[in-house]
Amino acid sequence: MTGVLLELSVKAELVDEFLDMMRQILPETRAYDGCKRFDVWVHNSNRRKVVLNEIWESEEKHAAYLAWRAETGVLGKLVAFLDGPPDPQYFEVLAD
């Protein structure tokens, strides 16, 4: 299993619109092949700070998901909400 952690800084004037879009795409993301968990965390006192906490079967499955989101144009729309480019961090998820 692969854990993906993505810390985002959303443009202040676009936070609500960004979060609405995330709510809309969550069901498809969670149903995508290889996605085991996908959570969106919004900082309590600074709503511009958003963390995507994800678990995927593999980095390859995550890469396929990102490619699909790029093909559909969703990835480009999400990146336009941000102050900087996303930089995913990959982790090994220890099994029980």
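These figures come from a predicted structure and were not determined experimentally. Counting from 1, the numbers follow the sequence of the chain as shown.
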Evaluation steps, side chain to side chain contact (heavy atoms under 4.5 Å, CB included), between L78 and M22: CA-CA 8 Å; L78 288 173; M22 290 304 298; 3.8 Å; yes
H62 pairs by ring pair (Phe, Tyr, Trp, His ring centres under 6.0 Å) with which of F91, W56, W68? W56
Mind listing the closest non-hydrogen atom pair of L6 and P86 along with its distance? CD1-CB, 3.7 Å
Quick check for you: to the nearest 0.5 Å, what is the distance between E28 atom CD and F38 atom CZ? 12.0 Å
What one should report as the nearest heavy-atom pair of V40 and L26 is CG2-CD2, 4.0 Å
Quick one: do R69 and T29 satisfy side chain to side chain contact (heavy atoms under 4.5 Å, CB included)? Show the steps, please. CA-CA 9 Å; R69 284 297 191 198; T29 299; 2.9 Å; yes
Interatomic spacing from CG in L8 to CG in L52 - rounded to 0.5 Å: 4.5 Å
Quick one, K61 and T2 - any side-chain contact, counting heavy atoms below 4.5 Å? no
Between the CG atom in L5 and the CD1 atom in I55, the distance rounded to the nearest 0.5 Å is 11.0 Å
Residues forming a side chain to side chain contact (heavy atoms under 4.5 Å, CB included) with E60, sequence neighbours excluded: S58
Validation: residues 11-20 side-chain donor-acceptor distances under 3.5 Å, sequence neighbours left out:
residue	atom	partner	partner atom	Å
K11	NZ	A80	O	3.2
D20	OD1	R23	NH1	3.1

Find the distance between CE (M1) and CZ (R37) and round it off to the nearest 0.5 Å. 12.0 Å
Can you check whether L82 reaches V10 side chain to side chain, under 4.5 Å on heavy atoms? yes
Atom CD of E59 and atom CD of E92: how far apart are they, to the nearest 0.5 Å? 10.5 Å
Working to the nearest 0.5 Å, report the span between OG1 of T72 and NZ of K77. 8.0 Å
Greater than 12 external heavy atoms within 6.0 Å of R47's CZ: no
